[in-house]
Amino acid sequence: MQLNKRERRMLIIALIIIGGGSLLKWILIPIWNDYQSIDTKLSLAENKLKKGRFILRDAEKYNNKLKSIKGELAALNKTYFHGQKAKIKLQVLKIIDQYLKESSLKIKDKSVNLEDLTKYDLSYSDLSPQEKAIIKELSMINYKLKLEGSLKNLILFLSKLTENEKLLAVDYLDINADSRESQLSIELTIKAINREGEINE
């Protein structure tokens, strides 16, 4: 399938919008909002439940709120990987490589690195010790790929990434097509989050 110049531009713009939206929706906004609020809310709710008899009158209300916060935290915990960095890095590579194989995309080049998430948090110095401890446990796995394949193969691969229980977000995507060939040259970066340490569910 050959794409004309306008169709290539439209496809690239659509994929950039989808990738950018995914990064904001699934990585930056949840980390920013949830890590600043969920553990703090959970701690406050638990402390309130322990205080005096007057709170017992509203125990059901507080208990429901606590369950709601724990549910939010459990849902958040399911979106990222948990374990030692080296093991999780291999697990992420294995998952993505399997999706590439199933999608019939040819790998031309690949690299992977780990990043400390504290550098992304602009207000890191304003966080509580508990919030800082959580952020220190987080790392970002960046998997950079150069691929070759058809548009259909690429769409299948991207679908598999979004269907995964864990967050595998496309942070960067660049597609080039030669008018004489049906194959696309694809460059992309996939990000995943890992957390070491005790998981509060």
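- Donor-acceptor pairing under 3.5 Å is lacking for the side chains of Asn113 and Tyr143.
- Between Tyr99 and Leu161 there is a side-chain heavy-atom pair separated by less than 4.5 Å.
- Asn153 places a side-chain N or O within donor-acceptor distance of the main-chain N or O of Ser103, the cut-off being under 3.5 Å.
- The two residues Asn194 and Gln84 come nearest to each other via the heavy atoms ND2-C, 4.2 Å.
- Contact check for Phe157 versus Ile190: side-chain heavy atoms found under the 4.5 Å cut-off.
- Nearest heavy atoms, Leu105 versus Leu147: CD1-CD1, 4.0 Å.
- Of the charged side-chain nitrogens involved, none lies within less than 4.0 Å of a carboxylate oxygen, so that Lys144 and Glu187 do not count as a salt-bridged pair.
- Note that the CD1 atom of Ile96 and the CG atom of Leu188 stand 8.5 Å from one another [nearest 0.5 Å].
- Scanning all heavy atoms of the two residues, the minimum distance from Lys89 to Val112 falls at CE-CG1, 3.7 Å.
- Between Lys191 and Asp171, the closest heavy-atom pair is CE-OD2, 2.9 Å.
- One distance of note links NZ of Lys108 with CD of Glu148; it measures 4.5 Å at 0.5 Å rounding.
- Proximity of Phe81 to Ile95: side-chain heavy atoms (C-beta onward) are separated by under 4.5 Å at one or more points.
- In this structure, Gln183 and Ser150 approach most closely via the heavy-atom pair OE1-N, 3.8 Å.
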